There are 2 protein chains.
Amino acid sequence: MIEAEAAILFGALANADRLKVIRTLVEAGPDGMNAGEIAQRIGASPSRASFHLAALAEAKLVIKERRSRSLIYRVNFPRVGGLVSFLLEDCCNGSPSLKKCCNL
Amino acid sequence: MIEAEAAILFGALANADRLKVIRTLVEAGPDGMNAGEIAQRIGASPSRASFHLAALAEAKLVIKERRSRSLIYRVNFPRVGGLVSFLLEDCCNGSPSLKKCCNL
DNA sequence: ATAATATTTCAAGAATCGTTGAAATGAAAG
DNA sequence: CTTTCATTTCAACGATTCTTGAAATATTAT
């Protein structure tokens with residue numbers, strides 16, 4: 001991943017509501033969760049949740065799929081993992097000092 | 001680390017120039033590098049580099065110290081590591097799926 | 001076709017961020 | 001104490017992001 005792309009992904013994570021969405025979707029597991037329930041869980045209005053979900057989907061950090069009337073969202077683990085790898089390996093050169101700091 | 005703080009740190013990384021700074025400082029190692037040389041390495045004007053360095057220092061992702069006329073900067077590995085841990089453990093619940101995606 | 005449900009889109013305004021070049025600050029040398 | 005060097009600060013502007021509530025869209029059921 002190149003810096004410009006990583007910067008966009010970090011920007012997508014630079015919001016507490018969106019981090020709550022990620023956490024909520026990780027807990028929801030592979031079945032995902034629909035937009036309305038996500039909004040309730042993170043304590044946001046439908047339109048605010050939709051705005052944040054769109055930002056995460058645009059960054060491909062979550063995947064969106066329609067199931068009947070609902071739109072369900074799931075975490076895109078390879079994408080999140082790619083960002084972690086960028087930070088650890090590309091940006092920080094695989095630094096052992098850094099890895100020790102996150103117990104890796 | 002709480003979500004609000006992590007969001008601020010992700011925001012500090014949400015810029016290609018600032019990611020270049022981090023990479024440059026990791027390569028520079030424990031001795032750090034002064035502001036002028038950082039500016040040259042990342043191809044930014046002194047004032048732009050100063051702006052980005054201030055953002056990183058404000059987030060405590062880098063540490064600033066005066067050495068004679070120069071201000072030298074170093075990466076704050078525990079802080080960067082804390083953010084990686086937040087993402088892997090707190091936000092993503094230590095998900096094994098995610099860890100596989102970044103070869104951990 | 002009409003109604004009900006789930007979600008997104010839109011407009012408007014506030015807030016924050018990024019860039020530029022000029023001026024100001026801090027530290028050291030002559 | 002004046003000059004020089006290194007860096008930051010500032011003002012101004014444009015660009016982007018966030019929030020709110022109302023309106024629009026898509027899907028399903030009657």
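Everything numeric here is computed off the predicted structure, so don't read it as measured data. Order of the sequence lines fixes the chain letters, A, B, ..., with proteins taken first and strands second; residue numbering starts at 1 for each chain.
Residues A:V26 and B:S95 share a closest heavy-atom pair of CG1-CB, 4.5 Å. Scanning all heavy atoms of the two residues, the minimum distance from B:A44 to B:A49 falls at CB-N, 4.3 Å. Shortest non-hydrogen contact noted between A:A12 and A:R18 is O-NE, 2.7 Å. What you find for A:G32 and A:R74 is that their closest heavy atoms are CA-CG, 3.5 Å. Contact detail for B:M1 and B:L83: the closest heavy-atom pair is CE-N, 3.8 Å.
Distances shown here put a side-chain N or O of A:H52 below 4.0 Å from the OP1 or OP2 atom of D:dT19. Under 4.0 angstrom from either OP1 or OP2 of D:dT7 there lies at least one side-chain N or O belonging to B:N34.
For A:S70, counting side-chain heavy atoms from C-beta on, the closest listed nucleotide (D:dT8, D:dT19, C:dA6) is C:dA6. Nearest to the side-chain atoms of B:Y73 among the listed nucleotides C:dA28, D:dT8, C:dT8 stands D:dT8. Of the candidates C:dT19, D:dT19, C:dT8, D:dT19 carries the atom nearest the A:F51 side chain, counting heavy atoms from C-beta on. For B:S50, the listed nucleotide lying nearest its side chain is D:dT8; candidates were C:dT8, D:dT8, C:dT19.
Along DNA chain D, the nucleotide nearest to B:G36 and the one nearest to A:A55 differ in position, and the one closer to the 5' end is contacted by B:G36.
Taking atom CG on A:L53 and atom C1' on C:dA6, their separation rounds to 13 Å, with Å as the unit. For A:N15 and C:dC17, the CG to P distance is 12 Å, given to the nearest whole Å. Between B:I72 atom CD1 and C:dA27 atom P the separation is 15 Å, expressed in whole Å. Per the geometry, CG belonging to A:D17 stands 16 Å off P belonging to D:dT17, to the nearest Å. Between B:M33 atom CE and D:dT7 atom P the separation is 12 Å, expressed in whole Å. Atom-to-atom, CD of B:E58 to C1' of C:dT16 comes out at 14 Å; the value is rounded to the nearest Å. Distance CZ (B:F10) to C1' (C:dT16): 19 Å, rounded to an integer number of Å. In this structure, the NZ atom of B:K64 is 11 Å from the C1' atom of C:dG26, given to the nearest Å.
Using a 4.5 Å heavy-atom threshold, the side chains of B:L88 and B:C102 count as touching.
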Atom pairs under 3.5 Å: protein N/O with N/O of nucleotides 21-26 of chain D:
from	atom 1	to	atom 2	distance (Å)
D:dG21	O6	A:S47	OG	3.2

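Residue-level contact check: B:R67 touches neither bases nor backbone, having no heavy atom under 4.0 Å from any strand.
For the atom pair B:I22 CD1 and B:I38 CD1, the distance stands at 9.5 Å (nearest 0.5 Å).
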